[in-house]
Each structure stands twice: as structure tokens, then as C-alpha cells.
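Shown next, in C-alpha cells, is the structure this report addresses.
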Amino acid sequence: MVIKNKKFFYVVFVIIVLILITFILNSTKREYGNDEESILKVIRSIDGYNSQSIKILEIKDIKNERVVPFLINNNPGYIQFSKNKRGNYEWKHIEKMEDQSFASFLVNLKGEVLPNLKFLFMTNEDNEIAKVELDVNGQLFKMEFKVHESSVTWIDLPKHKSAEYKYKYYDENGNLIKE
């Protein structure tokens, strides 16, 4: 009877060890956004984003969030990560704009620190917009961009329960392109 209990104990012990090894190996295979190389791997692992032509424009850390604007096939996009308890950045949101040389994204950050909303403006080499005026509930923000250059510009938005956004776009000669 003692021999059967020892065999049972060893079998259970081996099964537990195998489960732990499998769990550890699977958790180390997961890709995080901890550096540029791993960010590229995460982006390419997502359906619709597996292009080889991805250029990271910036890696911006804001508290426990990481926002990474990038160009995918020259289209603007960004991926957002949150830092987990182990200090690794897990992706939580990704977005891109097709066939755009100038794009804006409303980035929502977690946490109590204000502002939690940021506008992210991105351009690629085809951009011809030189200036944008953004009106948020009567507060005017003005941004200038170099035409035909990839760029990233951020605006911290004031906290509002609701907001109305109005844009005006200008070319490099100061002519209004569109409202």
C-alpha cells in the first residue's frame, strides 16, 4: 500500500511540474511592447497589421501607458499598451487610417492624472497640411507641421464631460484647405 501511495505521489508531482513548465514557457512566449523590436512583433501579430513595412515614429510613455505612433505601408496608426504588474507592456488598443497623409487620433489614457485625453496628430511624407487650428469647446489650439515629412504632434485636452471639435486645415501658403 505504501508503494502505491509513493507512485501516486510521484505521478501527481510530475504532472504538477509539467503544468508549471508549460505555464512558464507560454508566459515567456507572449510578446510585450517593452522595446522597439517587441513592439514591431506585437503589431505584426495582429490581424490586418502584419505588413513588413512598419516604421515606428515615437515611443511615448505616460505614467503606466505606452503609446506608439507608427506608419504601416505609409498609413498613420498607433498602438497603445498598459504596464502590467510585472512591468511588461500589454497591448490594449490599435488603430490606423487608410490612405491618409494626415491623421488625428483621440487617445484615451487610464488613470486619475489629468488630462486623460490626448489628441495625436500624425503626418507622412505625402502630407501637404502645414497648419491646423483645433477648437475644443471654444479653446483654440494651433499646430504647425512641416509638409512632406513624417511627424507626430500631441495636444493635452482639457477635461470635459463632452466636447465639440472643430478643425481648420491650411496649406504652407496659409490658404484654408478645409474646415
Asn34 and Gly87: which non-hydrogen atoms are nearest, and at how many Å?
-> OD1-O, 4.1 Å
Paired with Phe70, the side chain to side chain contact (heavy atoms under 4.5 Å, CB included) test is passed by just one of Ile94, Ile59, Asn75, namely Ile94
How about Phe121 and Phe119: are their ring centres within less than 6.0 Å of each other?
-> yes
NZ of Lys83 to NZ of Lys63: how many Å apart, nearest 0.5 Å?
-> 11.0 Å
Check whether Val67 and Met97 end up in the same hydrophobic cluster, where Ile, Leu, Val, Met, Phe, Trp and Tyr are linked by side-chain heavy atoms less than 4.5 Å apart.
-> yes
What's the spacing between Tyr169 OH and Leu134 CG if we round to 0.5 Å?
-> 8.5 Å
Salt-bridge present (Glu144, Lys142; N to O < 4.0 Å) = no
Heavy-atom check, side chain of Tyr89 versus side chain of Ser38, under 4.5 Å = no
Derivation and outcome, side chain to side chain contact (heavy atoms under 4.5 Å, CB included), residues Leu106 and Tyr165 | CA-CA 11 Å; Leu106 187 60; Tyr165 306 104; 4.1 Å; yes
Any side-chain heavy-atom pair from Pro69 and Leu120 closer than 4.5 angstrom?
-> yes
Are Glu149 and Thr123 close enough that a side-chain donor and a side-chain acceptor fall under 3.5 Å?
-> no
Shared ILVMFWY cluster between Val42 and Tyr32, side chains joined below 4.5 angstrom?
-> no
From CA spacing to verdict: side chain to side chain contact (heavy atoms under 4.5 Å, CB included), Lys118, Leu157 | CA-CA 6 Å; Lys118 293 187 180 288; Leu157 294 178; over 6 Å; no
Separation between CG (Asn84) and CG (Asn64), nearest 0.5 Å, reads 10.0 Å
Could you check if a side-chain atom of Ile54 sits within less than 4.5 angstrom of a side-chain atom of Tyr49, using non-hydrogen atoms only?
-> no
For this output row, return yes or no: ring centroids of Phe105 and Tyr78 closer than 6.0 angstrom.
-> yes
Same hydrophobic cluster for Met143 and Val136, using side-chain heavy-atom links shorter than 4.5 Å among ILVMFWY?
-> yes
Hey, what do you get for CD (Glu133) to OH (Tyr170), rounding to the nearest 0.5 Å?
-> 4.0 Å
Taking every heavy atom of Phe145 against every heavy atom of Ile129, the minimum-distance pair comes out as CB-O, 3.6 Å
Any side-chain donor-acceptor pair under 3.5 Å between Ser82 and Glu90?
-> no
Leu57 and Ser150: which non-hydrogen atoms are nearest, and at how many Å?
-> CD2-CB, 4.1 Å
Under a 4.5 Å cut-off applied to non-hydrogen side-chain atoms, are Asn74 and Asp126 in contact?
-> yes
Looking at Phe81, does the NZ or CZ of Arg66 lie under 6.0 angstrom from its six-membered ring centre and within 45 degrees of the ring axis?
-> no
Return yes if some donor-acceptor pair links the side-chain N/O of Asn127 with the main-chain N/O of Val147 below 3.5 Å, else return no.
-> no
Minimum heavy-atom distance Ile72-Gly48, with the two atoms named | CD1-O, 4.4 Å
Point-to-point distance, once rounded to the nearest 0.5 Å, from CG of Leu176 to NZ of Lys131 = 10.5 Å
Asn173 atom CG, neighbour heavy-atom count above 12 within 6.0 Å | yes
Can you tell me how far the CG atom of Leu71 sits from the CG atom of Asn124, to the nearest 0.5 Å?
-> 6.0 Å
Verify the cluster assignment for Val152 and Val68: are they in a single hydrophobic cluster under the rule of side-chain heavy atoms below 4.5 Å apart?
-> no
Is the count of non-hydrogen atoms from other residues, nucleotides or ligands lying under 6.0 Å from Lys168 atom NZ greater than 12?
-> no
Are any of the side-chain nitrogens in Lys92 or Glu65 under 4.0 Å away from the carboxylate oxygens of its partner?
-> yes
Atom CD of Glu128: over 12 foreign heavy atoms under 6.0 Å | no
In the single-linkage hydrophobic clustering (I, L, V, M, F, W, Y; side-chain heavy atoms under 4.5 Å), do Ile62 and Ile79 co-cluster?
-> no
Between Asn108 and Gln80, the two heavy atoms sitting closest are O-NE2, 3.0 Å
Which heavy-atom pair separates Glu58 from Trp154 by the least distance, and what is that distance?
-> OE1-NE1, 2.6 Å
Crowded around Glu125 CD? As in, over 12 foreign heavy atoms under 6.0 Å?
-> yes
